[in-house]
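Data block below; observations after.
For ligands, and for the atoms within them, numbers begin at 1 and follow the listed sequence.
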Amino acid sequence: MARNKIALIGAGQIGGTLALLSGLKQLGDVVLFDIQEGIPQGKALDIAEAAPVEGFDSRLQGANSYADIKDADVVIVTAGVPRKPGMSRDDLVETNSKVMHQVGEGIKNNCPNAFVICITNPLDAMVYVLQQAAGLPPEKVCGMAGVLDSARFRHFLAEAMDVSVEDVNAFVLGGHGDTMVPVTRYSTVAGIPLPDLVEMGWITQDKVDQIVERTRKGGGEIVNLLKSGSAFYAPASSAIQMAESYLLDKKRVLPAAAYLTGQYGVNDMYVGVPVVIGDKGIERIVELKFTDHEQEMFNHSVESVRELVDACKKLGAL
Ligand code: APR
């Protein structure tokens with residue numbers, strides 16, 4: 001049986017890490033694509049030279065032509081520019097929308113059957129532009145944010161309660177920004193919901209509130225530390241978990257930016273919700289029951305995504 005083919009569009013910080021993880025986890029052959037010449041080839045060769053040591057047989061290839069992503073099974077998109085000082089969010093939307101159009105064309109012409117995971121920010125708007133440009137069915141195009149935001153939440157909770165990260169489960173929903181919604185009621189340690197853990201004295205409500213706030217600003221915390229560039233290890237791990245669920249038909253239940261058609265009262269937009277990822281792509285959207293307060297926070301988050309989508313429409317990107 002032929003190996004799966006994984007196309008990584010954008011060979012920057014996240015793209016390089018995605019390539020390494022794809023090799024280490026033996027997910028398939030990897031094509032690293034970028035508009036810069038030399039970078040994808042150099043990173044592919046460097047990782048290929050790690051393969052004998054690590055013991056994986058994936059083929060790694062750098063590319064500057066979309067023809068090289070032909071028949072890819074999975075495409076993970078990180079192409080774009082980060083926000084630079086003096087750049088407004090709308091400037092970023094304009095630049096990265098254009099990139100999503102190019103990438104969408106490349107996917108449409110070369111691998112229209114792929115499962116596509118978008119990471120480029122502003123995520124919830126860019127994944128929509130990408131899906132429209134690629135012309136793929138919405139269940140084959142999703143955005144990675146929820147797994148990352150939930151992983152940050154899980155890490156902080158595990159640290160605070162001094163338990164294994166493996167036993168902490170959490171859902172962070174809504175848009176990928178300061179308005180994201182860490183749903184504490186559905187966050188658990190070995191099945192015990194967070195509100196019960198507060199009652200049991202494992203963690204205080206104050207600490208939970210601090211962790212919620214820190215999670216919301218998790219991306220910014222890393223940017224402030226790195227000074228140049230943003231997080232890349234955890235974003236790459238998160239996208240690989242989604243790709244693996246698709247390729248192995250694991251049907252993991254993960255939060256992802258998915259196209260909504262009425263679920264949660266949202267229509268015609270990508271927003272972070274729990275989904276089931278299997279070999280058909282986004283196979284199911286899980287509709288949680290919210291309390292009034294949770295629904296209010298979710299609606300607020302959806303509004304901030306809507307503003308971004310409107311900005312894309314104004315620019316003619318959607
Ligand atoms: N086509 C292909 N690649 C492109 C294009 C394009 N039109 N425009 C830019 N790129 C490439 C750049 O050359 C660069 O190598 O995208 C890559 C982006 O890499 P980094 O700048 O290192 O960014 P990274 O940290 O990987 O993050 C990528 O993910 O989390 C988001 O906000 C982040 O949008 C950003 C994206």
Are [X] and [Y] linked by a side-chain donor-acceptor pair shorter than 3.5 Å?
X: D73; Y: Y246; result: no
X: D206; Y: Q210; result: no
X: D268; Y: Y259; result: yes
X: D29; Y: Q61; result: no
X: E303; Y: N299; result: no
X: H176; Y: D149; result: yes

Between E244 and K250, is there a salt bridge with N-O shorter than 4.0 Å?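 Salt bridge between K250 and E244, a charged N being under 4.0 Å from a carboxylate O: no.
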
Hey, is G229 one of the residues with a heavy atom under 4.0 angstrom from ligand 1?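 So G229 does not count as touching ligand 1.
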
Close approach of I39 to ligand 1, heavy atoms, under 4.0 angstrom: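 Checking ligand 1 against I39, which is what was asked, there is no heavy-atom contact under 4.0 Å.
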
[X] heavy atoms, cut-off 4.0 Å: which ligand 1 atoms fall inside?
X: T120; value: 34 (O)
X: F33; value: 2 (C)
X: Q102; value: 6 (C), 7 (N)

Report the member of [options] with the shortest heavy-atom distance to [atom].
atom: atom 14 (C) of ligand 1; options: N121, V81, L123, D34; answer: D34
atom: atom 30 (O) of ligand 1; options: V223, L226, I14; answer: I14
atom: atom 19 (O) of ligand 1; options: G10, G12, G80; answer: G12
atom: atom 21 (O) of ligand 1; options: A231, P40, S228, P82; answer: P82

[atom] - nearest protein heavy atom and its distance:
atom: atom 8 (N) of ligand 1; value: I35 CD1, 3.5 Å
atom: atom 28 (C) of ligand 1; value: T78 O, 3.1 Å
atom: atom 22 (O) of ligand 1; value: Q13 N, 2.9 Å

Check this for me - ligand 1, A79, N or O atoms closer than 3.5 angstrom, yes or no?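 By distance alone, the answer is no.
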
Counting only nitrogen or oxygen atoms and a 3.5 angstrom limit, does Q36 reach ligand 1?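 N/O-N/O distance below 3.5 Å exists for this pair.
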
To the nearest 0.5 Å, what is the distance between CZ (F153) and CG (L194)?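 Between F153 CZ and L194 CG, I get 6.0 Å after rounding to 0.5 Å.
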
Does the ring center of F290 lie less than 6.0 Å from the ring center of Y264?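 So the answer is yes for these two rings.
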
